[in-house]
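The structure under discussion appears below in the form of structure tokens.
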Number of protein chains: 2
Amino acid sequence: MLKLTKKADYGLMALKYLAEHPESPALSAKDVADAYGIPAQLLAKILQRLTKAGMLRSQAGINGGYALAKDARTISAYEVILAIDGPFFITSCSKGAKGCELGPNCTIREPLARVNETIAGVLKSISIQDLAEHESAPASPGCDSKDLITLTG
Amino acid sequence: MLKLTKKADYGLMALKYLAEHPESPALSAKDVADAYGIPAQLLAKILQRLTKAGMLRSQAGINGGYALAKDARTISAYEVILAIDGPFFITSCSKGAKGCELGPNCTIREPLARVNETIAGVLKSISIQDLAEHESAPASPGCDSKDLITLTG
DNA sequence: TGTAATCCCGACCAAATTAGTCGTATACTA
DNA sequence: TAGTATACGACTAATTTGGTCGGGATTACA
Ligand code: SF4
Ligand code: SF4
């Protein structure tokens with residue numbers, strides 16, 4: 001539960017891989033898939049989605065493939081997950097959903113919605129760059145994310 | 001994706017409900033289920049798990065049922081989710097798992113593990129009490145949760 | 001003692017979601 | 001034009017989740 005889908009996982013990995021190989025003009029889906037031993041066709045579909053979402057550029061034909069369309073540090077994990085799995089909410093309801101309609105009955109929805117935002121915030125604060133140089137460079141010194149925390153009260 | 005299961009959701013609701021009715025010595029699974037219109041048998045199983053995990057006391061027989069075994073503010077959303085759905089990790093791997101064994105191949109696992117901890121931390125900081133009085137009383141003033149944030153770097 | 005209410009628990013089935021495959025069309029390069 | 005690649009939708013398979021059933025054990029009380 002509360003798991004990232006493998007697709008999102010693959011997507012992040014692929015993006016990270018591309019970020020680590022800026023020299024190549026383009027890497028094919030197969031290249032990346034082979035590098036990690038994941039199904040090439042599945043990864044292809046994922047990369048297509050990321051392309052449509054604007055974070056990759058694609059090139060068909062021989063020597064074609066994918067390359068980052070933006071700077072690695074401007075792509076957040078959140079965007080990636082969003083593009084691959086669609087909008088995410090930890091509750092089944094949340095705004096705009098056809099989920100469980102306990103509506104007024106349910107008073108835990110609001111606090112949970114805040115948890116949701118917190119998680120989204122965390123995910124937004126992580127860039128592909130952060131993943132690539134995984135020797136974790138302190139990007140948020142001090143307590144500038146204080147707002148993320150206020151959800152408990 | 002990244003969704004709370006309905007079981008966990010139900011569990012939180014039930015706990016909140018019990019927290020709101022401290023006068024009753026015990027409420028049956030059916031009582032709670034009816035209050036929210038959720039399947040009684042399913043809720044029963046959930047409550048059993050919470051009982052085994054020590055956050056509820058149960059009483060069989062006529063006029064039996066469940067009651068909180070601890071103060072509502074000492075029960076965190078995290079415990080509840082853990083008891084109902086088992087250990088949660090956003091990645092398929094994470095320590096102790098039989099998940100995807102890209103092992104050394106995968107360098108995104110470590111940053112994601114930190115995201116995981118952050119989420120866990122947030123969940124831990126929310127008590128049943130917080131859910132019950134959902135007019136959100138600031139429980140964490142200032143920036144005492146700074147550590148939750150350092151995952152980005 | 002007997003009965004009704006209730007918890008307990010494992011096995012089971014059904015629905016939903018996720019993972020992965022296939023087939024075909026299209027684009028690009030040499 | 002041959003070969004390599006993306007694009008995309010439909011399909012199937014695997015896994016997870018949601019929910020049900022049935023039998024058994026406890027307890028209260030008449
Ligand atoms: S129970 Fe409440 S929080 Fe959960 S899905 Fe339904 S309305 Fe949302
Ligand atoms: S790809 Fe990496 S992060 Fe994802 S499950 Fe496998 S080892 Fe873990």
Whole-Å gap separating [atom2] ([N]) and [atom1] ([X]):
X	N	atom1	atom2	value
A:I46	C:dA19	CD1	P	8 Å
A:R57	D:dT6	CZ	P	14 Å
B:Q48	D:dA25	CD	P	15 Å
A:K6	D:dA14	NZ	P	13 Å

Check your understanding: Of all of residues 64-72 of chain A, which get a heavy atom below 4.0 angstrom from DNA chain D, listed by number?
Key -> A:G65, A:Y66
Practice item. Please list residues of residues 19-31 of chain A whose heavy atoms come under 4.0 Å from any atom in DNA chain D, ordered by number; otherwise none. Key: A:S28, A:A29
Atom pairs under 3.5 Å, N or O on each side, protein against nucleotides 1-3 of chain D: can you list them with distances?
none

Restricting to nitrogen or oxygen on both sides, can you table the protein-nucleotides 20-22 of chain D pairs closer than 3.5 Å?
unit_1	atom_1	unit_2	atom_2	d
D:dT20	O4	B:K45	NZ	3.0

Check your understanding: Is there a donor-acceptor pair under 3.5 Å between the side chain of B:S127 and the backbone N or O of B:D130?
Key -> yes
Check your understanding: Are the side chain of B:S24 and the backbone N or O of B:L27 linked by a donor-acceptor pair below 3.5 Å?
Key -> no
Review point. Does anything in residues 32-49 of chain A pair up under salt bridge (charged side-chain N to carboxylate O under 4.0 Å, His left out), and if so which pairs, sequence neighbours excluded?
Key: A:K30-A:D34
Exercise for review: Any pair with a residue in residues 64-74 of chain B that passes salt bridge (charged side-chain N to carboxylate O under 4.0 Å, His left out), sequence neighbours left out, goes on the list, sorted by first then second residue, please.
Suggested key: B:K70-B:E79, B:D71-B:R73
Point to revise | Listed nucleotide nearest any side-chain atom of B:A60, set D:dT27, D:dG18, C:dG20 | key: D:dT27
Exercise for review: Go through C:dG20, D:dA7, C:dT18 for me and flag the one nearest to the A:T51 side chain.
Suggested key: D:dA7
Review point. At under 4.0 Å, does any side-chain N or O of A:S58 touch on OP1 or OP2 of D:dA7?
Key: yes
